[in-house]
Amino acid sequence: MPQRQLTGSRIRARRLDQRIRQSDLAVRAGISPSYLNLIEHNRRSIAGKLLNDLARLLDVDPAVLTQGADNVLLTGLAAAAAQTGGSAAVDRAEEFAGRFPGWANLVVTQAAEVAALRSRVQALGDRLTHDPGLGLALHAVISAVTSIRATAGILVGADRVDADWQRRFHQNIHDDAQRLTDSSQALIRTLEAPPDAAAPRDPLEATMRLLSLAGWHLPLIEAGASVAMQLAAMGDPQGATGLVLADLLATYRDDAAAMPLDRTIAAGAKDGWEPAAMAMTLDVPLATVLRRLATLPDGPDVPVVGLVVIDGAGVQLFQRPVAGFTLSGHGACPLWPIYQALTNPAVPLRRDVDVPGGQRLRAYAVAEVCGQPRFDVPPLLRATMLLVADPESGPGAGPPLPVGPGCRVCPRADCAARREPSILAG
């Protein structure tokens, strides 16, 4: 029902909140109780002087009765409901927000904080999985505790220990306790470090950070500059990070040559930014289109997208987050279309997906064979998935598929693909 048609419901809610009888309000407004009853059940429209009179009697602005809760607030309530798996009565969100705007704002604020905490937990989960520095700190703590326990077990055992060995064991406990103190402090410093201040933990993460700082769009490459010139402009990173970045820049250069910026923008406007149609218009592989759409400059007509690229083993080679959502780099949800694409090379997939928090994305995925195929040599596969935020309805997308970032930080309790318990459970 349109918001303006809910004016009667809002009048009734305000009247009940103030514990005013329907007949009393009708008399004070100069209308019959039966007519007010029809208004409150949205069977009669209301405007003008009568609307203003009822608003004055209910001590509320007329706009609140006609327009209801702010759309931003309603959107926030819908997102909060989605975090619970949709168990809340979303169809009554406007009524709730209209009657209790303060509580509605509190719900939205707390839902946003929960979403931020879940994102932080996901990041910490990935750190616990593969951060070398954190792993070393944890190993040092566990090693010191194990050593102290073993030495203490000898001292309290049934066998008598002579004085000389007792002194040695006491010294060992003292040294291990000092080592435990130092390693614990190092662990605390590692965990408490602000995420933005923490150094990248692997070459891929360092590379993604550099590309993110550049806005994912590189004018030098677009203008035909060499990979070496672009590397120099990005600080000329060395070691493994430099090698990873150089490889990605070479791919960017080739994609930009195959899909010049002006032709790509024109094809996108013509084809409604549908990747398969753009691939046909520009006569390029679909994977090239998916990658290229993630390197376009921001603009009012350019869709907001993210990109994930993996190899045949499922290891991420590239990830551009979309609309605040990041796919876990380790132990990612296997339901994402990109993993299905690996089982059907060259077969394009398109699917709408729902991620925890109520956000809907449209996923386009395809896997391709890298290099020239050879006899008696397993093909090297690479899968690419483009994620479009706030997709418009379109044919062939299918019903939305519930997915998540990864089992460890996914709140979906009834997922058949779950491999390990979620730390968000309970």
Where is the tightest heavy-atom contact between [X] and [Y], given as atom of each residue plus distance?
X: Leu361; Y: Ala389; result: CD2-CA, 3.8 Å
X: Leu307; Y: Ala294; result: CB-CB, 3.7 Å
X: Ala363; Y: Leu387; result: CB-CD2, 3.7 Å
X: Gln230; Y: Leu220; result: OE1-CB, 3.1 Å
X: Pro260; Y: Arg292; result: C-NH2, 4.1 Å
X: Ala383; Y: Leu342; result: CB-CD2, 3.7 Å

Strictly distance-based, threshold 3.5 Å: is any side-chain N or O of [X] a donor or acceptor partner for the main-chain N or O of [Y]?
X: Gln319; Y: Val309; value: no
X: Trp273; Y: Leu293; value: no
X: His217; Y: Leu296; value: no
X: Gln238; Y: Asp236; value: yes
X: Ser147; Y: Ala144; value: no
X: Ser212; Y: Met208; value: no
X: Ser184; Y: Leu180; value: yes

Working to the nearest 0.5 Å, report the span between [atom1] of [X] and [atom2] of [Y].
X: Asp311; Y: Leu381; atom1: CG; atom2: CG; result: 9.5 Å
X: Leu54; Y: Ile31; atom1: CG; atom2: CD1; result: 5.5 Å
X: His41; Y: Ile11; atom1: NE2; atom2: CD1; result: 12.5 Å
X: Arg209; Y: Leu245; atom1: CZ; atom2: CG; result: 14.0 Å
X: Gln372; Y: Leu380; atom1: CD; atom2: CG; result: 12.5 Å
X: Leu249; Y: Met229; atom1: CG; atom2: CE; result: 12.5 Å

Test: [X] and [Y] ion pair at under 4.0 Å:
X: Glu274; Y: Arg350; result: yes
X: Asp24; Y: Arg28; result: no
X: Asp182; Y: Arg179; result: no
X: Arg14; Y: Asp17; result: no

Flag side-chain contact, heavy atom, 4.5 Å: [X] against [Y]:
X: Leu210; Y: Pro237; answer: yes
X: Gln22; Y: Arg12; answer: no
X: Leu261; Y: Pro297; answer: yes
X: Leu25; Y: Leu58; answer: yes

Could you tell me whether the side chains of Glu222 and Tyr252 share a donor-acceptor contact shorter than 3.5 Å?
-> yes
When you look at Val284 and Met278, which way does the side-chain contact (heavy atoms from CB on, under 4.5 Å) test go after all the steps?
-> CA-CA 8 Å; Val284 294; Met278 293 181 66; over 6 Å; no
Atom CZ of Arg253: over 12 foreign heavy atoms under 6.0 Å |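 Counting neighbours around CZ of Arg253, more than 12 heavy atoms of other residues, nucleotides or ligands fall under 6.0 Å, so yes.
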Asp59 atom CG: more than 12 heavy-atom contacts under 6.0 Å |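 No, the 6.0 Å shell around CG holds no more than 12 heavy atoms from other groups.
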Would you sort out whether Asp53 and Leu51 count as a side-chain contact (heavy atoms from CB on, under 4.5 Å), showing the intermediate values?
-> CA-CA 5 Å; Asp53 289 343; Leu51 173 63; over 6 Å; no
Pairs where residues 334-344 contributes a residue and the test side chain to side chain donor-acceptor pair (under 3.5 Å) is met, not counting sequence neighbours = none
Would Asp247 and Leu317 satisfy side-chain contact (heavy atoms from CB on, under 4.5 Å), going step by step from the backbone distance to the final call?
-> CA-CA 10 Å; Asp247 182 65; Leu317 306 176; over 6 Å; no
CA sep, side-chain torsions, deciding dist, call: Phe318, Trp216, ring pair (Phe, Tyr, Trp, His ring centres under 6.0 Å) | CA-CA 12 Å; Phe318 184 97; Trp216 307 98; 5.7 Å; yes
Tell me, which pairs form a salt bridge (charged side-chain N to carboxylate O under 4.0 Å, His left out) where one or both residues lie in residues 369-382, sequence neighbours left out?
-> none
I would like to know whether Leu248 and Leu211 meet side-chain contact (heavy atoms from CB on, under 4.5 Å); could you show each step before the answer?
-> CA-CA 10 Å; Leu248 291 175; Leu211 292 173; 4.2 Å; yes
Positive for side-chain contact (heavy atoms from CB on, under 4.5 Å) with Val366, one of Leu290, Leu386, Val347, Ile338 = Leu290
